[in-house]
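Presented below is the structure to which this report refers.
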There are 2 protein chains.
Amino acid sequence: MTKRGRATYHHGDLRQALFTSAVALLDSAGIAGLTIRAVAHAAGVSHAAPVNHFADRRALLTALATDFFGDIQTLAVEKMADAPAGEARLVAFAEAMIDYALAHPNRFRLLWRRDLLDDADTGLNTAMDSLYDRLLVELQAGGWPLRFDVETYAIGLWSLVHGYLSMRLDGNLVAAHDARTGEPRHRAIIAAFLASVAPPPT
Amino acid sequence: MTKRGRATYHHGDLRQALFTSAVALLDSAGIAGLTIRAVAHAAGVSHAAPVNHFADRRALLTALATDFFGDIQTLAVEKMADAPAGEARLVAFAEAMIDYALAHPNRFRLLWRRDLLDDADTGLNTAMDSLYDRLLVELQAGGWPLRFDVETYAIGLWSLVHGYLSMRLDGNLVAAHDARTGEPRHRAIIAAFLASVAPPPT
DNA sequence: TCTGCAAATTGACAATGTCAATATTTGCTT
DNA sequence: AAGCAAATATTGACATTGTCAATTTGCAGA
């Protein structure tokens, strides 16, 4: 019998419990609030117990980030499947990122904190590349007459979404609509970016 | 006579010395390496001396960020003045950001770490808004037939540059040229974004 | 001169990540 | 079934860091 309701000395599935607690803490207290000790406490174990399941804080954060990339990818695939081929699919991709980021700002922030993540982790890199490839593939499959590189569009769109969200999450930008077209801002931005694909009807 | 060559007990211009040491440390050791104690040591004073000039670490980082925004603005104004009116001015703006970010990656990273900066600091907010306004004004002055909001273009360009640099500094992107047009990637991206202003010659 | 304020030092504390030593449990081997 | 090794958890410790309180030092103005 140990302190907190746990019946056995060994937890049973501490790794999972730590992971769950970590997500909850991240959501509620931010990256700074996600300390190893707080996670351990939330899971009802001693402050040094996590070392058996995550080598260090970096490893835990890396595991989280990898998972979040997977979540976004799942969401993106869903949204893109529902959209007609073409520009709408790219908007769907962007909206998956935006929806996820606005729903879970701290999770999204973590994804870009490379200083806190394990650069060498193949799982993380694969998850990220895999998401990027979704975008690339969609652009390649579009069959549109691109004025630039496919990569220019992929990098551009990725950058656009990333930057837009960075501003939104920093509070420097509020949800709004383009005054001229009435579209949501992020769609207007994407449309502007893709204008060299399909020029406006003069 | 105190420990390190300093002739007087009172430093004389410690604030400036701390600031200089802080920039050097930031450049060489990153944000994480920029500790109050390390800065104090580099300036040759005791670990608690900085409190007289910067209330806490956040205040120091805020002062730095404010200064860096000013540097970028200076650079942007220079570059834009050298460019012919129109799209080239927007490219110049972007290039000012990109040049600065690549030359001083850690300084640039700090600018977006709102979790480490003082949100309420008017100096910081003014410096940032002022830079953004440069971009906005240039777009407004262009006299081009915009398909979208001026703000859509401003937010879009800002986001584009921000996201692009985030990738570059994270090592997820290498300097390259658009394979189709031969332009540097960042120019291709900007050109694509502004295509809805001046459609390509079919 | 001397007195008060600004600036710097010293020493302390709490939070955190991490490690070593120890304790407990589980499951495999015989 | 018994015993043992590996896995897992606890306890205690330490270094780093930001911050604060108490004290010391020196400068400038009355």
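Not measured: the values here are computed from a predicted model. Naming: A, B, ... by sequence-line order, numbering from 1 per chain.
Contact of the D115(B) side chain with the I31(A) side chain is not registered, since no non-hydrogen atoms from C-beta on lie closer than 4.5 Å. Two residues are said to be in side-chain contact when any heavy atoms from C-beta on lie closer than 4.5 Å; E95(A) and M80(A) fail this criterion. Residues L117(A) and L110(A) have side chains in contact (heavy-atom distance under 4.5 Å, counting atoms from C-beta outward).
Between the side chain of N52(A) and the backbone N or O of A49(A), at least one donor-acceptor pair lies under 3.5 Å.
Comparing dT10(D), dC19(C), dT9(C) by their closest approach to the side chain of H47(A) singles out dC19(C).
A straight line from CG of L18(B) to P of dT9(C) spans 10 Å, rounded to a whole angstrom. The separation between D13(A) atom CG and dT25(C) atom C1' is 16 Å, rounded to whole Å. Distance NE2 (H41(A)) to C1' (dA9(D)): 16 Å, rounded to an integer number of Å.
Against DNA chain C, the stretch residues 52-68 of chain A makes heavy-atom approaches under 4.0 Å through D56(A), R57(A). Within residues 27-39 of chain B, the residues having any heavy atom closer than 4.0 Å to DNA chain D are, in order of number, T35(B), I36(B), R37(B).
The closest side-chain donor-acceptor pair between T62(A) and D121(A), if any, does not fall under 3.5 angstrom.
Residues H104(A) and Y100(A) place their aromatic rings such that the two centres sit under 6.0 Å apart.
In this structure, D178(B) and A188(B) approach most closely via the heavy-atom pair CB-CB, 3.7 Å.
Screening F193(B), Y164(B), Y132(B) for a ring-ring contact (aromatic ring centres under 6.0 Å, His included) with W158(B), the sole residue that qualifies is Y132(B).
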